[in-house]
There are 2 protein chains.
Amino acid sequence: MSKSLRATRQRHAIKKAFEQTGRPLGPKEVLDLASQEVPNLGIATVYRNIKTMLEQEELETIDLPGQPSRYFPKQDKTSRNRSTPLFLCQKTNRVYFVDPSEIELQIARLPSNFVVDHSEVILYGECTSNN
Amino acid sequence: MSKSLRATRQRHAIKKAFEQTGRPLGPKEVLDLASQEVPNLGIATVYRNIKTMLEQEELETIDLPGQPSRYFPKQDKTSRNRSTPLFLCQKTNRVYFVDPSEIELQIARLPSNFVVDHSEVILYGECTSNN
DNA sequence: ATCTTTGCAAAACCTTTGCACTGCG
DNA sequence: CGCAGTGCAAAGGTTTTGCAAAGAT
């Protein structure tokens, strides 16, 4: 049984931030966005809500090498899996999802004692324009 | 020309720590190991030396999603290939370098406002035997 | 003697926690 | 009301920086 959650302005604003941007957000990004709606929102509240939403499996963690964790609303389990390619804009430090069908990864011969379970592709570059 | 570096006990102990373990180390691990040789070694000195060694390309950064940065002695200073694929054994948590020639990554069409600089491929799986 | 390097402490970050207060149910 | 949730400030944890002193060349 999941524990009772109350509908607060803060929680609503935080969810809205995730839903409206469509890309993984870090706690500070969430704070900035949600603060527009709830001015005195505290960063601790953001952290606590992210933690709760992770426990509820409403969010998933998006980790990139050398980067602090970001979070994103969990999709329908079929629509996206953990090997979705990611694009990190090195200018804005924003992360975007890349259409997996645009990426082809081929693995030839690895040493026979290596068995691959899954893989991850991360693109680094720059995004122009785009608010 | 590279800037002049002095041979200090601290720097020597830090290099030795990397060379003797043969695996990527984090700053705290380096401190613990090198402190055996230089008791009053400070963590700031470790950070500064790692930074210097990175600039000298004596070390390279090994970053994996969701894990703190570790550092590893660079074998070949001429091949500064930051997109070498990595294999993470999920059983031993060890990282191996994968021969890039065994990996082929093709990127079809991205949104026109995304320009890719470089990419990273991480394979997750298991390695058997191979101490 | 010069000038890099060090140790220490403080600062700068990021994330978590304690606590009294707010406000949902 | 009762108690989950919040804001604030303080506390941890990690990495960086300022500065006087140590030490390599």
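Please read all numbers here as calculations on a predicted model, not as lab measurements. These numbers come from the heavy atoms of this one structure, side chains and all, not from hydrogens, waters or symmetry mates. So you know, we letter chains A, B, ... as the sequences are listed, proteins then strands, and number each from 1.
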Novice: Evaluate side-chain contact (heavy atoms from CB on, under 4.5 Å) for Lys74(A) paired with Met53(A), printing each intermediate quantity in order.
Specialist: CA-CA 10 Å; Lys74(A) 230 178 180 175; Met53(A) 293 168 80; over 6 Å; no
Novice: Write down the distance between CG (Asn93(A)) and P (dC14(C)), rounded to a whole number of angstrom.
Specialist: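 Between P of dC14(C) and CG of Asn93(A): 11 Å.
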Novice: To the nearest Å, how far apart are Ile50(B) CD1 and dT17(D) C1'?
Specialist: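 Going from Ile50(B) (CD1) to dT17(D) (C1'), I get 17 Å.
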Novice: Heavy atom of residues 33-46 of chain B under 4.0 Å from DNA chain C: which residues?
Specialist: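 Those residues are Asn40(B), Leu41(B), Gly42(B), Ala44(B), Thr45(B).
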Novice: Rounded to whole angstroms, how far apart are CZ on Arg70(B) and P on dT14(D)?
Specialist: 12 Å
Novice: Only counting residues at least two apart or in another chain, list the ones meeting salt bridge (charged side-chain N to carboxylate O under 4.0 Å, His left out) with Arg11(B).
Specialist: none
Novice: Whole angstrom is fine here: how far is it from CZ in Arg11(B) over to C1' in dG7(C)?
Specialist: 15 Å
Novice: Write down the distance between CG (Leu31(A)) and P (dC13(C)), rounded to a whole number of angstrom.
Specialist: 16 Å
Novice: Using atom CD1 of Ile14(B) as one end and atom C1' of dG7(C) as the other, report the distance to the nearest whole Å.
Specialist: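 Rounded to the whole Å, the gap is 13 Å.
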Novice: Between Gln67(A) (CD) and dT14(D) (P), how many Å, whole number?
Specialist: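 Distance check: Gln67(A) CD to dT14(D) P gives 19 Å.
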Novice: Is a donor on one side and an acceptor on the other found under 3.5 Å between the side chain of Thr52(B) and the backbone of Arg48(B)?
Specialist: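 Answer holds: yes.
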Novice: With sequence neighbours excluded, tell me which residues meet side-chain hydrogen bond (donor to acceptor under 3.5 Å, both in side chains) with Gln36(A).
Specialist: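 With sequence neighbours excluded, Gln36(A) shows a side-chain hydrogen bond (donor to acceptor under 3.5 Å, both in side chains) to no residue whatsoever.
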Novice: Report yes if at least one side-chain N or O of Gln10(B) is closer than 4.0 Å to OP1 or OP2 of dG7(C); otherwise report no.
Specialist: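 For dG7(C), OP1 or OP2 has a side-chain N or O of Gln10(B) closer than 4.0 Å.
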Novice: Who are the ring pair (Phe, Tyr, Trp, His ring centres under 6.0 Å) partners of Phe72(B), not counting sequence neighbours?
Specialist: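 Phe72(B): ring pair (Phe, Tyr, Trp, His ring centres under 6.0 Å) contacts with Phe97(B).
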Novice: In whole angstrom, what separates Asn49(A)'s CG from dT16(C)'s P?
Specialist: 13 Å
Novice: Listed by chain and number, what are the ring pair (Phe, Tyr, Trp, His ring centres under 6.0 Å) partners of Tyr124(B), not counting sequence neighbours?
Specialist: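 Applying ring pair (Phe, Tyr, Trp, His ring centres under 6.0 Å) to Tyr124(B) gives His118(A).
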Novice: Give every residue pair that meets the salt bridge (Lys or Arg N to Asp or Glu O under 4.0 Å) criterion with at least one member in residues 32-45 of chain A, sequence neighbours excluded.
Specialist: Lys16(A)-Glu37(A), Lys28(A)-Asp32(A)
Novice: Restricting to pairs with a member in residues 96-110 of chain A, which pass salt bridge (Lys or Arg N to Asp or Glu O under 4.0 Å), not counting sequence neighbours?
Specialist: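 Residue pairs passing salt bridge (Lys or Arg N to Asp or Glu O under 4.0 Å), neighbours aside: Glu102(A)-Arg109(B), Arg109(A)-Glu102(B).
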Novice: Under the side chain to side chain contact (heavy atoms under 4.5 Å, CB included) rule, collect the residues that match up with Ser69(B), sequence neighbours excluded.
Specialist: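 Ser69(B) satisfies side chain to side chain contact (heavy atoms under 4.5 Å, CB included) with Thr61(B), Asp63(B), Tyr71(B) only.
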Novice: Pull out every protein N or O sitting under 3.5 Å from an N or O of nucleotides 19-25 of chain D, one pair per line with the distance.
Specialist:
from	atom 1	to	atom 2	distance (Å)
dG23(D)	N2	Arg6(B)	NH1	2.3
dA24(D)	N3	Arg6(B)	NH1	3.2
dT25(D)	OP1	Ala7(B)	N	3.2

